[in-house]
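Read the structure below first, then the notes.
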Amino acid sequence: MAKLKVTLVKSLIGRKKDHIATANALGLRKIGKTVEHEETAQIRGMINKVDYLLKVEEV
C-alpha cells in the first residue's frame with residue numbers, strides 16, 4: 001500500500017468539533033505537524049473530511 005504524508009497547515013481554532021476530533025485522530029494537534037499513514041479507505045475518508053486544513057503528499 002502507498003503511504004501518505006499528512007501535514008496540518010491551518011489552525012484548528014474555531015473549527016467544528018467533529019473536524020477538530022478528526023484532525024486529532026489523524027495525530028495532528030499543532031500547525032506544521034506531519035504524520036505518515038497507510039492509504040486506506042478509512043484514512044482517506046478522514047483526510048477528505050478536513051482536506052481544507054491539510055497538505056497531503058504520497059510517499
Side-chain angles (χ1 to χ4, degrees):
M1 279 193 178
K3 284 204 165 251
L4 297 173
K5 187 185 283 190
V6 185
T7 306
L8 185 65
V9 294
K10 289 192 175 184
S11 174
L12 297 174
I13 296 172
R15 307 297 178 189
K16 293 182 177 180
K17 288 188 181 194
D18 60 326
H19 289 203
I20 294 170
T22 301
N24 288 339
L26 284 168
L28 302 168
R29 288 171 176 77
K30 294 184 177 183
I31 295 174
K33 173 81 173 166
T34 301
V35 293
E36 284 191 13
H37 288 286
E38 293 289 334
E39 185 173 7
T40 63
Q42 294 86 354
I43 295 295
R44 192 43 96 167
M46 293 168 77
I47 290 170
N48 288 342
K49 184 171 185 175
V50 292
D51 62 344
Y52 64 99
L53 300 172
L54 308 174
K55 180 175 80 170
V56 181
E57 304 169 10
E58 286 195 28
V59 178

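Everything numeric in this text was worked out from a predicted model, so none of it was measured.
- There is no path of hydrophobic side-chain contacts, each under 4.5 Å, that joins Ile47 to Val59.
- Put simply, the side chain of Leu12 reaches to within 4.5 Å of the side chain of Asn24, judged on heavy atoms.
- Under a hydrophobic-cluster definition in which Ile, Leu, Val, Met, Phe, Trp and Tyr are linked whenever side-chain heavy atoms come within less than 4.5 Å, directly or via other members, Val50 and Val9 are assigned to different clusters.
- Arg44 contributes atom CZ, which lies 4.5 Å from atom CD of Glu39 (distance to the nearest 0.5 angstrom).
- Within the model, atoms NZ of Lys16 and NZ of Lys49 stand 9.0 Å from one another, a figure rounded to the nearest 0.5 Å.
- Atom NZ of Lys10 is surrounded by 12 or fewer heavy atoms from other residues, nucleotides or ligands within 6.0 Å.
- Both Val56 and Ile43 belong to a common hydrophobic cluster when Ile, Leu, Val, Met, Phe, Trp and Tyr are linked at side-chain heavy-atom distances under 4.5 angstrom.
- The one candidate from Thr22, Val6, Leu54 that meets the side chain to side chain contact (heavy atoms under 4.5 Å, CB included) condition with Met46 is Thr22.
- Residues Glu38 and Lys3 meet the side-chain proximity criterion, which asks for heavy atoms closer than 4.5 Å.
- In this structure, the side chains of Glu57 and Lys5 come closer than 4.5 Å at one or more pairs of heavy atoms.
- The two atoms that bring Ile20 and Arg15 nearest to each other are CD1-O, 3.6 Å, heavy atoms only.
- Under the side chain to side chain contact (heavy atoms under 4.5 Å, CB included) rule, Val35 has a single partner from Thr7, Leu28, Leu4, Leu8, which is Leu28.
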